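None of these values were measured; they are calculated from a predicted model. Residues: numbered from 1 along the sequence shown. Atoms considered below: every heavy atom in the structure, side chains included; atoms not considered: hydrogens, waters and symmetry mates.
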Amino acid sequence: MEKMNQAFEKMKMLVGVEVDDEASTATINDDNSSWFMDDFNRNCTLSTKQSMLVFFNPIKFGIAFTLGNMLSLGSTAFLVGPKRQVTMMLDPVRIYATAIYLASMIFALFCALYVHNKLLTLLALILEFGALVWYSLSYIPFARTMVSRVIVACLDTEF
């Protein structure tokens with residue numbers, strides 16, 4: 001914890017904030033020592049209830065996750081305009097990623113709302129998440145190539 005405090009004080013000096021010598025040597029009590037990690041854990045990771053929802057009730061999670069993805073596509077269309085959004089989605093570089101992403105969203109909703117099979121819905125969610133990552137990587141130059149090479153290098157083992 002002391003190293004983190006020292007790094008924080010150095011960051012203050014780099015930014016130009018006045019640093020008291022007494023404040024840099026003061027220690028934080030145990031109650032407040034892990035506030036950052038508590039906040040990070042609470043806000044950025046799945047809580048126990050949320051992770052249980054994914055595995056024990058994937059149908060509800062699948063509906064919410066897919067509708068959230070649709071809303072995120074709608075929000076980017078709102079920001080850049082619907083015509084430009086469709087043009088970017090149908091760009092030859094990402095046409096296949098877009099088709100797989102949209103098809104996986106439709107498949108996940110179909111499995112959740114019509115089939116009502118938890119295992120199939122969970123598999124559709126995994127497919128949708130993978131398609132979302134691949135679609136998102138299509139907007140970063142050379143990202144898909146880099147990720148593909150890393151995955152091939154990790155999986156290419158000889159026994």
Checklist entry - Between CG of Leu123 and NZ of Lys118, what distance do you get to the nearest 0.5 Å? => result 14.5 Å
Checklist entry - When hydrophobic residues are tied together by side-chain contacts of less than 4.5 Å, even through go-betweens, does Leu113 share a cluster with Leu122? => result yes
Checklist entry - Between Tyr135 and Tyr139, what is the ring plane arrangement, given parallel below 30°, perpendicular above 60°, and tilted in between? => result perpendicular
Next on the checklist: Tell me every residue that passes salt bridge (charged side-chain N to carboxylate O under 4.0 Å, His left out) with Arg94, counting only those two or more places apart in sequence or in another chain.
Outcome noted: Asp91
Give the table of side-chain donor-acceptor pairs shorter than 3.5 Å for residues 76-89, with sequence neighbours excluded, one pair per line with atom names and distance.
unit_1, atom_1, unit_2, atom_2, d
Thr76, OG1, Ser72, O, 3.3
Thr76, OG1, Leu73, O, 2.8
Thr76, OG1, Gln85, OE1, 3.2
Thr76, OG1, Gln85, NE2, 3.4
Thr87, OG1, Lys83, O, 2.7

Item to check | Donor-acceptor under 3.5 Å (Ser104 side chain, Tyr101 main chain) | outcome: yes
Checklist entry - Would Leu155 end up clustered with Leu137 when hydrophobic side chains under 4.5 Å apart are linked, directly or stepwise? => result yes
Checklist entry - Should Lys60 and Asn57 be marked as a side chain to side chain contact (heavy atoms under 4.5 Å, CB included) after you check the CA-CA gap, both sets of side-chain angles, and the distance that decides it? => result CA-CA 6 Å; Lys60 284 184 181 179; Asn57 199 349; 3.3 Å; yes
Item to check | Pairwise distance CG(Asn117) to CD1(Ile59) - rounded to 0.5 angstrom | outcome: 7.5 Å
Checklist entry - Rounded to the nearest 0.5 Å, how far apart are CZ of Phe65 and CE of Met70? => result 12.0 Å
Checklist outcome for this item: Tightest non-hydrogen contact, residues Ile100 and Ala131, listed as CG2-CB, 3.9 Å
Checklist entry - Judged by atom type as modelled, is there a donor-acceptor pair below 3.5 Å linking the side chain of Thr121 to the main-chain atoms of Cys111? => result yes
Item to check | Leu132 with Trp134, same ILVMFWY side-chain cluster at under 4.5 Å | outcome: yes
Checklist entry - Among the clusters formed by ILVMFWY side chains lying less than 4.5 Å apart, do Met105 and Leu67 turn up in the same one? => result yes
Next on the checklist: Please tell me whether Leu109 and Phe61 are part of a single hydrophobic cluster in this structure, the criterion being side-chain heavy atoms less than 4.5 Å apart.
Outcome noted: yes
Checklist outcome for this item: dist Glu128:CD -> Asn69:CG (nearest 0.5 Å) comes out at 4.5 Å
